[in-house]
Novice: 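Provided herewith is a single structure, encoded as structure tokens, for subsequent inquiry.
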Amino acid sequence: MADRVRTAVFPVAGLGTRFLPATKAMPKEMLPVVDRPLIQYAVDEARDAGIEHFVFVTGRNKGVIEDHFDRQFELEYTLEQRGKTDELAELREDLPQPGRSSFTRQQEPLGLGHAVWCARELVGNNPFALLLPDMLIKAAPGALSQMMSAYEERGGNIIAVEEVDPKDVSSYGIVGRGEGPNSAFDITSMVEKPKVEEAPSNLIISGRYILQPEIFSLLSKHNKGAGGEIQLTDSMQTLMESQNFTGVKFDGRTFDCGSKVGFLTANLVYALDRPDIADDFTKEIRALGLNTPI
Ligand code: UTP
């Protein structure tokens with residue numbers, strides 16, 4: 001039986017240049033979709049999938065992420081005094097258990113592969129989940145839970161994938177698809193940001209992984225890839241020579257909240273799904289007179 005996955009890594013050290021100036025002093029991962037920051041959605045998804053240890057790879061200007069996952073006694077006291085018990089309960093539910101979160105720093109944003117490597121001491125010699133918080137996935141059960149089912153069946157390394165318009169493949173890591181159903185199929189190849197004509201498929205790596213710890217020694221070579229960054233995909237490609245990689249085409253939808261359009265679309269979709277605001281929000285959209293079926 002495959003070793004249980006207890007730890008999740010959240011790389012949150014990127015510069016978020018596509019969201020400047022909003023991200024000059026505030027981390028991209030704290031941008032809210034409706035009223036929850038992106039990082040909170042990722043932590044919730046991991047917790048729902050059975051994760052017990054939350055490892056954040058942060059950078060300069062990211063201290064607020066650490067504060068977000070800490071108690072805020074003044075705020076809690078004030079909410080209590082004002083009888084805002086629902087808000088108080090929600091704040092407490094959002095927190096990892098004491099001692100179940102760890103923070104380390106990627107001192108230079110050298111790429112996703114380097115950020116993951118920075119978590120090696122905290123992860124140890126264990127399989128781990130990796131969630132990119134700016135890839136927000138709306139799914140029930142959550143995408144990582146769907147991947148855990150594939151992991152229990154097949155072990156090894158698991159990657160969540162999603163189809164995109166073939167013209168967009170050059171913005172993502174792309175996998176080649178082999179035998180097996182959508183819930184668990186063989187991955188035959190992998191390439192980071194390929195040219196459209198060289199892509200093995202239109203299946204993008206959508207920001208959720210379960211990886212074996214052997215990835216760390218490959219990442220430690222610090223080889224640079226696409227865009228001059230240390231790419232995770234390049235090390236996974238090498239790991240494929242000795243270990244299985246399984247793709248999961250999960251039920252759900254990804255919003256690439258690192259891009260403005262993806263972020264705005266996520267806000268629209270999540271707001272329309274919120275019973276407390278959906279009606280009012282729909283009225284506002286209708287009042288804009290847009291030619292939409294909302
Ligand atoms: P992105 O590829 O979206 O990069 O990172 P970015 O730097 O954050 O944003 P742009 O492209 O400049 O707008 C995907 C995830 O990997 C993390 C980011 O924080 C994000 O969660 N990351 C990226 C790191 O932790 N370190 C890095 O060096 C690069």
Side-chain angles (χ1 to χ4, degrees), residues 8-33 36-46 54-66 68-69 101-120 122-123 128-137 143-144 159-160 162 164 168-174 191-194 204-209 211 215-216 219-236 254-264 266:
V9 174
F10 304 88
V12 291
L15 294 177
T17 55
R18 285 169 292 166
F19 257 100
L20 284 169
T23 48
K24 188 177 167 200
M26 183 187 70
K28 169 171 76 172
E29 298 78 11
M30 288 301 291
L31 289 170
V33 169
R36 295 172 82 69
L38 286 170
I39 187 68
Q40 185 74 57
Y41 288 96
V43 164
D44 292 347
E45 182 185 328
F54 304 83
V55 173
F56 301 86
V57 182
T58 72
R60 275 184 299 284
N61 283 339
K62 304 277 182 164
V64 64
I65 294 179
E66 204 162 336
H68 179 75
F69 290 108
S101 52
S102 305
F103 296 82
T104 188
R105 284 216 172 185
Q106 184 192 23
Q107 291 153 337
E108 276 180 274
L110 298 177
L112 174 62
H114 183 258
V116 174
W117 176 76
C118 289
R120 68 198 179 285
L122 292 167
V123 172
F128 62 100
L130 171 66
L131 296 93
L132 310 194
D134 54 350
M135 298 294 270
L136 175 60
I137 303 187
L144 189 61
I159 295 183
E162 187 173 42
V164 293
D168 294 330
V169 291
S170 55
S171 303
Y172 298 96
I174 305 293
V191 53
E192 186 62 36
K193 300 189 175 65
I204 65 163
I205 299 176
S206 63
R208 300 292 183 274
Y209 315 71
L211 295 170
I215 195 78
F216 291 123
L219 290 170
S220 70
K221 298 194 170 88
H222 294 183
N223 292 332
K224 290 192 175 152
E229 295 192 4
I230 300 171
Q231 296 285 358
L232 176 64
T233 307
D234 296 343
S235 289
M236 292 196 300
T254 307
F255 299 92
D256 180 357
C257 291
S259 83
K260 293 180 188 76
V261 171
F263 172 74
L264 293 168

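Note that ligands are numbered from 1 as they come in the structure, with each ligand's atoms numbered from 1 the same way. When reading the values below, keep in mind they use all heavy atoms of this one structure, side chains included, and skip hydrogens, waters and symmetry mates.
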Novice: Could you tell me which residues satisfy salt bridge (Lys or Arg N to Asp or Glu O under 4.0 Å) with Asp134, sequence neighbours excluded, listed by chain and number?
Specialist: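 In terms of salt bridge (Lys or Arg N to Asp or Glu O under 4.0 Å), with neighbours along the sequence ignored, Asp134 is linked to Lys28.
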Novice: Taking the minimum heavy-atom distance to atom 8 (O) of ligand 1, which of Arg18, Lys28, Gln231 ranks first?
Specialist: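 Going through Arg18, Lys28, Gln231 one by one, Lys28 has the nearest heavy atom to atom 8 (O) of ligand 1.
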Novice: Mind checking what makes side chain to side chain donor-acceptor pair (under 3.5 Å) contact with Glu229, not counting sequence neighbours?
Specialist: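 Counting only residues at least two positions away or on another chain, Glu229 forms no side chain to side chain donor-acceptor pair (under 3.5 Å).
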Novice: Do any N/O atoms on Leu15 end up under 3.5 angstrom from N/O atoms on ligand 1?
Specialist: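 Yes, at least one N or O pair falls under 3.5 Å.
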Novice: Return the closest protein heavy atom for atom 14 (C) of ligand 1 as residue, atom name and distance.
Specialist: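 Ranking protein heavy atoms by distance from atom 14 (C) of ligand 1, first comes Asp134 OD2, 3.6 Å.
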Novice: Could an N or O of ligand 1 be found under 3.5 Å from any N or O of Ala13, whether backbone or side chain?
Specialist: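 Yes.
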Novice: Compute the minimum heavy-atom distance from Gly258 to ligand 1 and say whether it is under 4.0 Å.
Specialist: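 Flag not set, Gly258 not near ligand 1.
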Novice: Quick one: nearest non-hydrogen protein atom to atom 28 (O) of ligand 1, plus distance?
Specialist: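 The protein heavy atom lying closest is Gly111 N, 2.8 Å.
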Novice: Can you give me the closest heavy-atom contact between Pro11 and Pro133, atom names plus distance?
Specialist: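 Scanning both residues, the minimum pair turns out to be O-CD, 3.7 Å.
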Novice: Quiz question: by atom type and distance under 3.5 Å, do the side chains of Thr233 and Glu192 form a donor-acceptor pair?
Specialist: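 Looking only at side-chain atoms, Glu192 and Thr233 do form a donor-acceptor pair, the distance falling under 3.5 Å.
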Novice: For the ring pair Tyr41 and Phe255, is the centre-to-centre distance below 6.0 Å?
Specialist: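 Tyr41 vs Phe255: aromatic centres not under 6.0 Å.
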Novice: Do Tyr209 and Leu232 have side chains that approach each other closer than 4.5 Å (heavy atoms only, starting at C-beta)?
Specialist: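 Sidechains of Leu232 and Tyr209: in contact.
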Novice: Check ligand 1 against Ala115 and write out every atom of the ligand that is under 4.0 Å from a heavy-atom position of the residue.
Specialist: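 Those atoms are 24 (C), 25 (O), 26 (N).
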Novice: So is Met135 close enough to ligand 1, meaning a heavy atom under 4.0 angstrom away?
Specialist: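 For ligand 1, residue contact (heavy atoms, under 4.0 Å) with Met135 is absent.
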Novice: Can you sort out which atoms of ligand 1 are near Pro133, meaning under 4.0 Å from one of its heavy atoms?
Specialist: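 Once the distances to Pro133 are compared, the set is 21 (O).
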Novice: Does the separation of the ring centres of Phe69 and Phe56 fall below 6.0 angstrom?
Specialist: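 Centroid separation for Phe69 and Phe56: below 6.0 Å.
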Novice: Which residue holds the protein heavy atom closest to atom 16 (O) of ligand 1, what is that atom called, and what is the gap in Å?
Specialist: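 Going atom by atom, the protein heavy atom closest to atom 16 (O) of ligand 1 ends up being Leu112 CD1, 3.7 Å.
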Novice: Examine the proximity of ligand 1 to Pro109 and report which part, side chain or backbone, both or neither, has a heavy atom under 4.0 Å away.
Specialist: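 For Pro109, backbone and side-chain atoms both sit under 4.0 Å from ligand 1.
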Novice: If we only count heavy atoms from C-beta on, is the Leu219 to Arg120 side-chain gap below 4.5 Å?
Specialist: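 Side-chain contact under 4.5 Å: no.
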Novice: Heavy atoms, side chains only, cut-off 4.5 Å: are Leu132 and Leu112 in contact?
Specialist: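 Yes - at least one pair of side-chain heavy atoms lies under 4.5 Å apart.
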Novice: Determine whether a donor-acceptor pair (N or O, by modelled atom type, separation under 3.5 Å) exists between the side chain of Glu162 and the backbone of Thr254.
Specialist: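 Yes, Glu162 side chain to Thr254 backbone: donor-acceptor pair under 3.5 Å.
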Novice: Enumerate the atoms of ligand 1 whose separation from the nearest heavy atom of Leu110 is less than 4.0 angstrom.
Specialist: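 Every atom of ligand 1 under 4.0 Å from some heavy atom of Leu110: 28 (O).
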Novice: What do we get for Thr17 next to ligand 1 when only non-hydrogen atoms under 4.0 Å count, side chain, backbone, both or neither?
Specialist: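 Within the 4.0 Å criterion, Thr17 contacts ligand 1 through backbone and side-chain atoms alike.
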Novice: Any non-hydrogen side-chain atom of Val33 less than 4.5 Å from a side-chain atom of Phe263?
Specialist: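 A side-chain contact under 4.5 Å exists here.
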Novice: Run the numbers for me: atoms of ligand 1, each under 4.0 Å from some heavy atom of Glu29, listed by number.
Specialist: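 By the 4.0 Å cutoff, the relevant atoms are 18 (C), 19 (O), 20 (C), 21 (O).
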Novice: I'd like to check whether Gln106 has a polar contact with ligand 1, where a contact means an N/O of the residue lying under 3.5 Å from an N/O of the ligand.
Specialist: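 Between Gln106 and ligand 1 (N or O atoms, distance only) the closest approach is under 3.5 Å.
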Novice: Please state which protein non-hydrogen atom is closest to atom 23 (C) of ligand 1 and give its distance, to 0.1 Å?
Specialist: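 Sorting protein heavy atoms by distance from atom 23 (C) of ligand 1 puts Gly14 CA, 3.9 Å first.
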Novice: Just to confirm my output: which protein heavy-atom neighbour is closest to atom 17 (C) of ligand 1, and how far is it?
Specialist: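 The protein heavy atom lying closest is Pro11 O, 3.6 Å.
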Novice: With a heavy-atom distance limit of 4.0 Å, tell me whether His114 approaches ligand 1 through its side chain, its backbone, both, or neither.
Specialist: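 The answer is neither; His114 stays 4.0 Å or more away.
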